[in-house]
Amino acid sequence: MRISSWFPTFIYYEKLTAASGAARFNSELLKESYQIRDYDEEGRNWSNSNYPGGYTSYGSMAQLHKFSSTFAELEQRLNKHVKAFTQHLEMDLRKHKFEMSDCWVNIMPKQVVHSLHLHPLSFISGTYYVRTPPNCAKIKFEDPRLSKFMAAPPKTPDSKPHNRQFITVPARTGKVILFESWLRHEVSANQSRQDRVSISFNYHWS
């Protein structure tokens, strides 16, 4: 019996940088993330309605790479990862360019959740983890074919990761995770007593 694998879904997960100064840069991002929250009254009000218990600048300041030199540096560091990922996906960008379109801060205190969603109007999305205390929430991805499983039986408890309908990836400080923007994902309730801090972003191409 011969079985082939087609239409795979890829997730990229790597350290942002291995260069010296990574800890210093991460500390600057953490400090500025809280400064943005404290300054951003509009974002705090938006979060009260759309991100209960937490803070995100998504609804108010979603292009931080255009206003902050620290976030602009993050964009430059992320670009090489996005390039590597698109090459793995064999996307033909030889006569095109890609660039960051959105970039925003997320601060998740204990029990805050981020419900299932995707990122329309972009092609690569991701998150950089700034602070991930012990027991903080993981990111969970959904099989994009799930809505088509009309009469499929459940998976066995010990099924291989590539056969599962959901998969979770731990959040680790200093790591960047990339995925195609159509892939639905969520973050369950943060179980840590400390804030989980991340920076999410989208890329588009032209």
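Computed from a predicted structure; not experimentally measured.
- Side-chain heavy atoms closer than 4.5 Å link hydrophobic residues (I, L, V, M, F, W, Y) into clusters, and following such links, possibly through other members, connects Met61 to Ile107.
- The stretch residues 159-179 participates, sequence neighbours left out, in these side-chain hydrogen bond (donor to acceptor under 3.5 Å, both in side chains) pairs: Thr132-Thr173.
- The CD atom of Gln63 lies 9.5 Å from the SG atom of Cys103; values are rounded to the nearest 0.5 Å.
- The two residues Pro109 and Gly54 come nearest to each other via the heavy atoms CD-CA, 3.7 Å.
- Panel note: side chain Asn26, backbone Val130; a donor-acceptor pair is recorded below 3.5 Å.
- In this structure, OG in Ser200 is found 7.5 Å from CD1 in Ile139, a value given to the nearest 0.5 Å.
- Both Val197 and Phe71 are assigned to one and the same hydrophobic cluster, defined by single-linkage of ILVMFWY side chains at heavy-atom distances under 4.5 Å.
- Remark: Arg77 fails to qualify as a cation-pi partner of Tyr128 under the 6.0 Å distance and 45° angle criteria applied to the six-membered ring.
- In this structure the side chain of Lys138 never reaches within 4.5 angstrom of the side chain of Val169, judged on heavy atoms.
- For the pair Thr86 (side chain) and Val82 (backbone), a donor-acceptor distance under 3.5 Å is present.
- Distance CG/Leu30 to OG1/Thr70: 12.0 Å, rounded to 0.5 Å.
- For Glu32, there are no salt bridge (charged side-chain N to carboxylate O under 4.0 Å, His left out) partners at least two apart in sequence or on another chain.
- When side chains are defined from C-beta on, Leu74 counts as touching Leu29, because their heavy atoms get closer than 4.5 Å.
- Glu73 approaches Phe25 most closely through the heavy-atom pair CD-CE1, 3.6 Å.
- Using a 4.5 Å cut-off between side-chain heavy atoms of Ile, Leu, Val, Met, Phe, Trp and Tyr, with links allowed through other members, Met100 and Val176 fall into the same hydrophobic cluster.
- A distance of 9.0 Å separates CG of Leu121 from CG of Asn202, quoted to the nearest 0.5 Å.
- For Glu75, there are no salt bridge (charged side-chain N to carboxylate O under 4.0 Å, His left out) partners, not counting sequence neighbours.
- No donor-acceptor pair closer than 3.5 Å links the side chain of Ser57 to the backbone N or O of Ser60.
- Between the side chain of Ser47 and the backbone N or O of Gly43 there is at least one donor-acceptor pair closer than 3.5 Å.
- Looking at heavy atoms from C-beta onward, Leu78 lies in side-chain contact with Phe201 at the 4.5 angstrom threshold.
- Two residues are said to be in side-chain contact when any heavy atoms from C-beta on lie closer than 4.5 Å; Lys140 and Ser188 fail this criterion.
- Between His185 and Phe179, the distance from one ring center to the other falls under 6.0 angstrom.
- Considering only heavy atoms from C-beta on, Phe67 stays 4.5 Å or farther from Ile36 through its side chain.
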Going by atom type alone, with no hydrogens or angles, which donor-acceptor pairs under 3.5 Å involve a side-chain atom of residues 6-17 and a protein atom two or more places apart or on another chain?
| unit_1 | atom_1 | unit_2 | atom_2 | d |
| --- | --- | --- | --- | --- |
| Tyr12 | OH | His81 | ND1 | 2.7 |
| Tyr13 | OH | Pro170 | O | 2.6 |
| Thr17 | OG1 | Ala19 | N | 3.1 |

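- Counting heavy-atom neighbours within 6.0 Å of Tyr39 OH, excluding the residue itself, gives a total of 12 or less.
- The nearest pair of heavy atoms linking Ser122 to Tyr203 is CB-O, 3.2 Å.
- Under the salt bridge (charged side-chain N to carboxylate O under 4.0 Å, His left out) criterion, Arg193 pairs with no residue, sequence neighbours left out.
- Under the 4.5 Å side-chain heavy-atom criterion for Ile, Leu, Val, Met, Phe, Trp and Tyr, Leu183 and Leu118 are members of distinct hydrophobic clusters.
- Interatomic distance, CG of Leu178 versus CZ of Phe85, reported as 6.0 Å (0.5 Å rounding).
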What verdict does the side-chain contact (heavy atoms from CB on, under 4.5 Å) test give for Phe166 and Asp143, after you've listed the backbone C-alpha separation in whole Å, the side-chain angles of each residue and the deciding distance to 0.1 Å? CA-CA 6 Å; Phe166 298 93; Asp143 186 332; over 6 Å; no
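- Under the 3.5 Å distance criterion, the side-chain polar atoms of Asn190 are matched with a main-chain donor or acceptor of Gln194.
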Show your working on side chain to side chain donor-acceptor pair (under 3.5 Å) between Asn106 and Thr56 and close with a plain yes or no. CA-CA 4 Å; Asn106 308 293; Thr56 177; 3.1 Å; yes
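- Between His96 and Trp205, the ring-plane angle classifies as perpendicular under the 30° and 60° cut-offs.
- The 12-atom threshold is exceeded at CD of Gln76, counting heavy atoms of other residues, nucleotides or ligands nearer than 6.0 Å.
- Within the 4.5 Å cutoff, no side-chain heavy atoms of Val113 are placed close to those of Tyr51.
- Of the possible polar contacts, one joining the Ser181 side chain to the Ile124 backbone as a donor-acceptor pair under 3.5 Å is found.
- Using a 30° and 60° split on the angle between ring planes, His114 and His117 fall in the parallel class, below 30°.
- The shortest distance between side-chain heavy atoms of Val105 and Leu64 falls below 4.5 Å.
- With sequence neighbours left out, the salt bridge (charged side-chain N to carboxylate O under 4.0 Å, His left out) criterion links Asp92 to Arg94.
- Of all heavy-atom pairs between Pro133 and Arg196, the closest is CD-CA, 4.2 Å.
- In this structure the side chain of Tyr129 never reaches within 4.5 angstrom of the side chain of Ile199, judged on heavy atoms.
- No donor-acceptor contact under 3.5 angstrom links the side chains of Trp104 and Asp102, judged on distance only.
- When only modelled atom types and interatomic distance are considered, Tyr34 and Asp195 share a side-chain donor-acceptor pair under 3.5 Å.
- A distance of 13.5 Å separates CZ of Phe123 from CH2 of Trp182, quoted to the nearest 0.5 Å.
- Atom NZ of Lys110 is surrounded by more than 12 heavy atoms from other residues, nucleotides or ligands within 6.0 Å.
- Linking Ile, Leu, Val, Met, Phe, Trp and Tyr whenever their side-chain heavy atoms come within less than 4.5 Å puts Leu93 and Leu89 in one cluster.
- In terms of modelled atom types and a separation under 3.5 Å, the side chain of Arg37 and the main chain of Tyr55 share no donor-acceptor contact.
- Smallest separation of non-hydrogen atoms from Asp38 and Arg44: O-NH1, 2.8 Å.
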